[in-house]
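Quantities reported herein were computed from a predicted structural model and do not represent experimental measurements. In what follows, chains carry the letters A, B, and so on, assigned in the order in which the sequence lines appear, proteins first and then strands, with residues in each chain numbered from 1.
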Protein chains: 2
Amino acid sequence: MYHQEPKVQQNDLTVLRTSSLTGVIERELEHLILTGELKPGERLNEIQLSTHFGTSRGPLREATRSLQAKGLVESIRNRGVFVRSVSPKEALEIYDVRAAIFGLAGRLLADLVNDQMLTRLNAFLDQMDEIAASKNFDDYYPVNLAFHDYLVTSTGNGTLVREYKGFVNKLHLARARGLVQAGGLSVSNREHREMVDALASGNRERAQEAFFRHVERSKIRFRSTLDGETDV
Amino acid sequence: MYHQEPKVQQNDLTVLRTSSLTGVIERELEHLILTGELKPGERLNEIQLSTHFGTSRGPLREATRSLQAKGLVESIRNRGVFVRSVSPKEALEIYDVRAAIFGLAGRLLADLVNDQMLTRLNAFLDQMDEIAASKNFDDYYPVNLAFHDYLVTSTGNGTLVREYKGFVNKLHLARARGLVQAGGLSVSNREHREMVDALASGNRERAQEAFFRHVERSKIRFRSTLDGETDV
DNA sequence: CCATTGTTTATTGCCTACAATAGCAATCGA
DNA sequence: TCGATTGCTATTGTAGGCAATAAACAATGG
């Protein structure tokens, strides 16, 4: 399970000054869930976790309520709180919504793009080409993430950023999530170039469509890993 | 403020069997917020509210944590929980994201549309035309709502529905929200016809764009009511 | 041998009580 | 008179305890 003893330092007042115990626990739990230390379907035992964090059950329960609202766990009355398990069907739904939001990012960026941004984006593309050529999968993933992060953040639309990240998080809980991107590293980067080209053109609709399609294609790659599934 | 005494019936087991006290309180609070009985900026006094609901502070705190995650309230440590006040800037952000999601609804519906659906949609349009002609604003709003609800729900994408409704809710908390739709009833309905026509054509991109633009236009109408605002 | 019914136990739901904090008013010194 | 300081009070943050529930098991009857 999880190993260290992070017993919240009551002394470390600097942290608790701004964020409550609940907030600290919530972030910690979210981390445990997203890193897979708490697996989909697993139950969150209140007593066990609260002693783990060195607090009482109150703040822990508040933290899990918050995570429930964010869709990371689900609660069944008198049974407990469980890490959510996102079905393939729901994962496909999420891909679509994420595509729409990412498409909006493209549309907004088409009006904001400037030389500095394009330079930065091209640097990303070159870096990813390089990594793709060396077939070093582990290195590709974080850069790819940073690339998307940079794009989304650059829109200046905080609501969009929060939503996008929320969906990326939820997709981590999808069952049957083989290493989706596995094969198509250079394929994916060709799509990235299309996106940047669309931005450079300054054409809103074209950029929106390019961004939208990029996510839709990764949805298709995801679906192709499902073939055997029944409860889609 | 709020007036009745809904003291949760401990006897009414049917309700508590499935949903917890927290859940009941959460729905109740959400209702109070969305109907404006609890106004943006107003503080939610724990003791006052928990005695109002006839419970202790625990479940109430859990409910407010959930509402916090949903973005309906914000919490300041040692100060309390306050109904969120959505700034014009954030409202504009939300309009964009909502437009993207609604655009997705159009795109999805273009592939699902059939005669039955078109008949239903045209009935909506006729009804709204009629109301618009009689300039009966109060009647227009609920039908307009039902129309959009029908569209979004018909996509079959539950994630999309939840997100869309979440944003509609948040926009209720926007400051400076004059009766946005006020003037353009028939204008709005012309856009509705464009949407339905686009669906009937079966063209994905066209439908997406029509749906997207509809929300963008209501964003513009919203912005035009702001002119004097400084902290946009 | 299986199904049904009691019993036990781990765990959650909720509540009460105490500690800590922030805002305010009264007080004090300049 | 004015500002800073100090206590007071309302309110939130957290802890721990009791009651209620559900799942697992044992006992009983067919």
Side-chain angles (χ1 to χ4, degrees), chain A residues 1-2 5-29 38 41-69 72-84, chain B residues 1-2 5-29 38 41-69 72-84:
Chain A
M1 200 180 169
Y2 32 84
E5 273 293 323
K7 293 249 175 193
V8 172
Q9 290 283 348
Q10 293 288 1
N11 309 341
D12 194 347
L13 296 173
T14 350
V15 177
L16 283 183
R17 190 75 60 187
T18 45
S19 57
S20 64
L21 247 188
T22 304
V24 176
I25 294 175
E26 182 184 342
R27 274 190 291 279
E28 202 69 39
L29 281 178
L38 289 167
E42 191 169 337
R43 184 167 121 260
L44 276 62
N45 185 313
E46 286 184 6
I47 302 173
Q48 188 181 338
L49 282 172
S50 56
T51 56
H52 172 73
F53 289 123
T55 71
S56 75
R57 285 167 50 214
L60 187 106
R61 284 176 62 87
E62 292 181 24
T64 55
R65 285 291 178 198
S66 188
L67 292 176
Q68 183 183 10
L72 292 183
V73 303
E74 73 185 324
S75 163
I76 303 175
R77 191 185 151 82
N78 288 325
R79 293 269 322 270
V81 174
F82 303 82
V83 178
R84 275 210 50 198
Chain B
M1 199 177 169
Y2 31 85
E5 275 292 322
K7 294 249 177 196
V8 172
Q9 290 282 346
Q10 294 288 359
N11 309 342
D12 194 346
L13 296 174
T14 350
V15 177
L16 283 185
R17 189 76 61 187
T18 47
S19 59
S20 63
L21 245 188
T22 303
V24 176
I25 294 176
E26 183 183 342
R27 274 190 290 279
E28 203 68 38
L29 281 179
L38 288 168
E42 191 169 337
R43 183 166 124 262
L44 277 61
N45 185 313
E46 287 185 4
I47 302 175
Q48 188 182 337
L49 283 171
S50 56
T51 55
H52 172 71
F53 289 122
T55 72
S56 76
R57 286 167 48 215
L60 187 107
R61 284 177 62 87
E62 292 182 23
T64 55
R65 286 290 180 199
S66 189
L67 293 176
Q68 184 182 9
L72 292 183
V73 303
E74 75 187 321
S75 162
I76 302 175
R77 192 186 149 82
N78 288 323
R79 294 273 320 272
V81 173
F82 304 81
V83 179
R84 274 210 51 197

Exercise. Can you pull out how bent the helix from C:dC1-D:dG30 to C:dA30-D:dT1 is, comparing the axes over its first five and last five pairs, to 10°?
Key: 0°
Quiz item: Which of residues 56-63 of chain A sit near DNA chain C, with a heavy atom under 4.0 Å from it?
Solution: A:Arg57, A:Arg61
Self-check item: For atom CZ of A:Phe82 and atom C1' of D:dA22, their distance in whole Å
Solution: 11 Å
Quiz item: Can you name the salt bridge (charged side-chain N to carboxylate O under 4.0 Å, His left out) partners of B:Glu62, sequence neighbours left out?
Solution: A:Arg61, A:Arg65
Exercise. Round to a whole Å and report the spacing from CD of A:Glu46 to C1' of D:dA20.
Key: 14 Å
Quiz item: Taking CZ from A:Arg77 and P from C:dC14, how many angstroms apart are they, rounded to a whole number?
Solution: 5 Å
Quiz item: How close do B:Phe82 and B:Ile76 get, heavy atom to heavy atom, and via which atoms?
Solution: CE1-CD1, 4.1 Å
Quiz item: Sequence neighbours excluded, which residues qualify as side-chain hydrogen bond (donor to acceptor under 3.5 Å, both in side chains) partners of B:Ser66?
Solution: B:Glu26
Please enumerate all protein N or O atoms sitting under 3.5 Å from an N or O of nucleotides 6-10 of chain D, with distances to 0.1 Å.
none

Quiz item: Sequence neighbours excluded, which residues qualify as salt bridge (charged side-chain N to carboxylate O under 4.0 Å, His left out) partners of B:Arg57?
Solution: B:Glu46
Quiz item: What residue among B:Val73, B:Leu49, B:Val81 forms side chain to side chain contact (heavy atoms under 4.5 Å, CB included) with B:Leu29?
Solution: B:Leu49
Quiz prompt | Rounded distance (Å) that lies between atom C1' of C:dC14 and atom CG of B:Leu21 | solution = 8 Å
Self-check item: Separation of A:Leu60 CG from A:Glu28 CD (nearest 0.5 Å)
Solution: 11.5 Å
Quiz item: Quick one: A:Ile76 CD1 to D:dT21 P, roughly how many Å, whole number?
Solution: 17 Å
Quiz prompt | Spacing between A:Ile47 atom CD1 and C:dT12 atom P, to the nearest angstrom | solution = 6 Å
